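Note that the coordinates shown come from a computational prediction; the quantities given were computed from them, not determined experimentally.
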Amino acid sequence: MGPSTPPVQGQRLRILSYNVQVGIASGRFHHYLTNSWKHVLPYGGRMGNLDSIARFIAGFDLVGLQELDAGSLRSNFVNLAEYLSRQSQLPYWYSQTNRNLGKFAKHSLGLLSRYQPHSVMEHRLPSRIPGRGALEAHFGAESGEDSLVIMLVHLSLGRKTRMRQLQYIGEVLRDHEHVVVMGDLNTPTHSDEVRRLVRNTRLQEPLDSAKTYPSWRPMHAFDHILVTPGLGLEQVHVYNLNYSDHLPVGVELVIPDSVKLAQFHAEGQAGGHVRRGPVGEH
């Protein structure tokens with residue numbers, strides 16, 4: 001499948017999805033063992049690695065991040081979505097904690113944006129073991145062809161659970177015309193669960209993009225950005241970086257001019273307020 005045809009007129013939007021593994025760089029499979037303590041305790045190299053990530057993502061307009069921490073011992077009680085927002089100068093940030101282990105870990109998603117969404121909603125995805133979620137952000141009009149919906153996800157490892165999660169996401173997005181779904185789907189490009197999502201929405205199947213996992217020797221295309229046909233897909237690129245165990249994937253979209261993106265004008269940071277959405281059955 002090739003890229004969709006861009007609208008004749010529109011505004012360009014650079015979008016990135018990146019599983020950052022809580023700021024832990026990995027270069028071999030055995031690092032999962034030798035670096036395991038870094039998932040629990042603070043260490044000196046984490047913030048420097050996150051600073052490198054921030055410099056990279058500063059060139060994008062909308063960034064979805066997986067495997068962050070919302071402020072616990074291992075992150076020195078810093079909300080990493082907020083930190084990366086400040087370091088990258090992407091003023092709007094939204095954080096969703098999906099697995100809260102108190103002071104020891106707060107596993108979270110983060111959405112960073114150069115433009116202000118008019119609403120952001122969190123979803124608890126169905127899962128036998130709770131701890132997976134999705135962030136849904138709306139730009140432009142409240143609904144219809146002048147609206148843009150972004151859905152950031154990090155899906156489970158089990159196929160049956162992923163199937164239920166993508167069925168739930170499909171129900172949420174079914175009636176929206178301009179949609180972007182991005183994140184670590186933990187499944188190949190043309191899997192049955194991705195095909196079900198495409199059948200239940202207006203989304204197109206993802207392109208046969210380069211593999212993203214593991215970052216040091218990519219063998220699997222687990223990280224995806226899916227878009228609906230009315231969004232012109234001009235470029236898809238996987239970036240060869242060593243800041244995590246995944247590689248980031250980015251796209252350049254052409255958004256219809258009728259979708260009004262609200263730019264940031266006030267001084268200072270725009271913290272994120274997220275409202276609770278429907279909760280999927282567990």
Side-chain angles (χ1 to χ4, degrees), residues 13 15-19 60-68 70 81-82 85 90 92-99 107-127 130-156 161-162 164-186 193-194 196-198 200-204 206 223-228 230-231 251 253 255 259-262 270-282:
L13 195 65
I15 296 179
L16 184 83
S17 176
Y18 197 3
N19 181 327
F60 293 85
D61 301 305
L62 189 67
V63 178
L65 300 170
Q66 306 94 55
E67 291 199 25
L68 291 177
E82 179 180 11
S85 168
L90 291 170
Y92 295 99
W93 63 272
Y94 303 86
S95 178
Q96 177 190 13
T97 300
N98 294 310
R99 186 172 292 125
H107 301 271
S108 64
L109 297 174
L111 185 66
L112 279 55
S113 177
R114 196 173 308 282
Y115 302 98
Q116 182 179 17
H118 60 74
S119 64
V120 179
M121 182 184 298
E122 66 177 30
H123 297 267
R124 303 295 182 188
L125 295 179
S127 177
R132 298 289 181 172
L135 272 175
E136 176 188 355
H138 288 243
F139 298 81
E142 293 289 335
S143 61
E145 62 182 13
D146 298 338
S147 172
L148 173 66
V149 180
I150 306 292
M151 181 74 85
L152 170 65
V153 302
H154 187 188
L155 301 185
S156 295
T161 303
R162 287 196 305 271
R164 293 171 58 206
Q165 290 169 348
L166 288 177
Q167 181 177 355
Y168 172 86
I169 291 169
E171 291 170 357
V172 172
L173 300 176
R174 186 189 307 274
D175 298 326
H176 294 290
E177 182 166 351
H178 299 310
V179 177
V180 176
V181 173
M182 63 177 171
D184 179 358
L185 272 58
N186 271 314
E193 39 283 40
V194 172
R196 173 177 287 190
L197 175 66
V198 170
N200 291 340
T201 63
R202 302 180 185 184
L203 291 161
Q204 304 172 102
D223 302 86
H224 305 293
I225 300 177
L226 291 80
V227 305
T228 47
L231 303 175
V251 300
L253 296 180
I255 308 298
V259 178
K260 303 303 181 184
L261 299 175
H273 174 70
V274 183
R275 60 192 176 95
R276 182 66 58 85
V279 179
E281 273 185 36
H282 292 275

In terms of side-chain heavy atoms, does [X] have a donor or acceptor partner in [Y] at a distance below 3.5 Å?
X      : Y      : value
Glu177 : Ser147 : no
Ser17  : Gln66  : yes
His178 : Glu145 : no

With the side chain counted from C-beta on, respond yes when [X] and [Y] share a heavy-atom pair under 4.5 Å apart, and no when they do not.
X      : Y      : answer
Asn19  : Asp223 : yes
Arg196 : Asn200 : yes
Leu185 : Val194 : yes
Asp146 : Lys260 : no
Tyr115 : Tyr92  : no
Pro117 : Tyr94  : yes
Leu226 : Val179 : no
Leu13  : Leu261 : yes

| request: Mind listing the closest non-hydrogen atom pair of Thr161 and Pro126 along with its distance? | output: CG2-O, 3.7 Å

| message | Minimum heavy-atom separation for Ala70 and Ser108, please, with both atom names. | response | N-OG, 3.5 Å

| Taking the six-membered ring for Trp, are His138 and His118 parallel (under 30°), tilted (30 to 60°) or perpendicular (over 60°)? | tilted

Result of checking [options] against [X] for side chain to side chain contact (heavy atoms under 4.5 Å, CB included):
X      : options                : result
Met151 : Val180, Leu111, Val172 : Val172
Glu122 : Leu152, Thr97, Leu135  : Leu135
Arg114 : Asp61, Leu62, Val63    : Asp61

Residues two or more places apart in sequence or in another chain: which of them pass side-chain hydrogen bond (donor to acceptor under 3.5 Å, both in side chains) with [X]?
X      : answer
Asn98  : Gln96, Arg124
Asp175 : none
His154 : Arg132, Asp184

| query | Do any N or O atoms from the side chain of Ser85 and from the backbone of Ala81 form a donor-acceptor pair under 3.5 angstrom? | reply | no

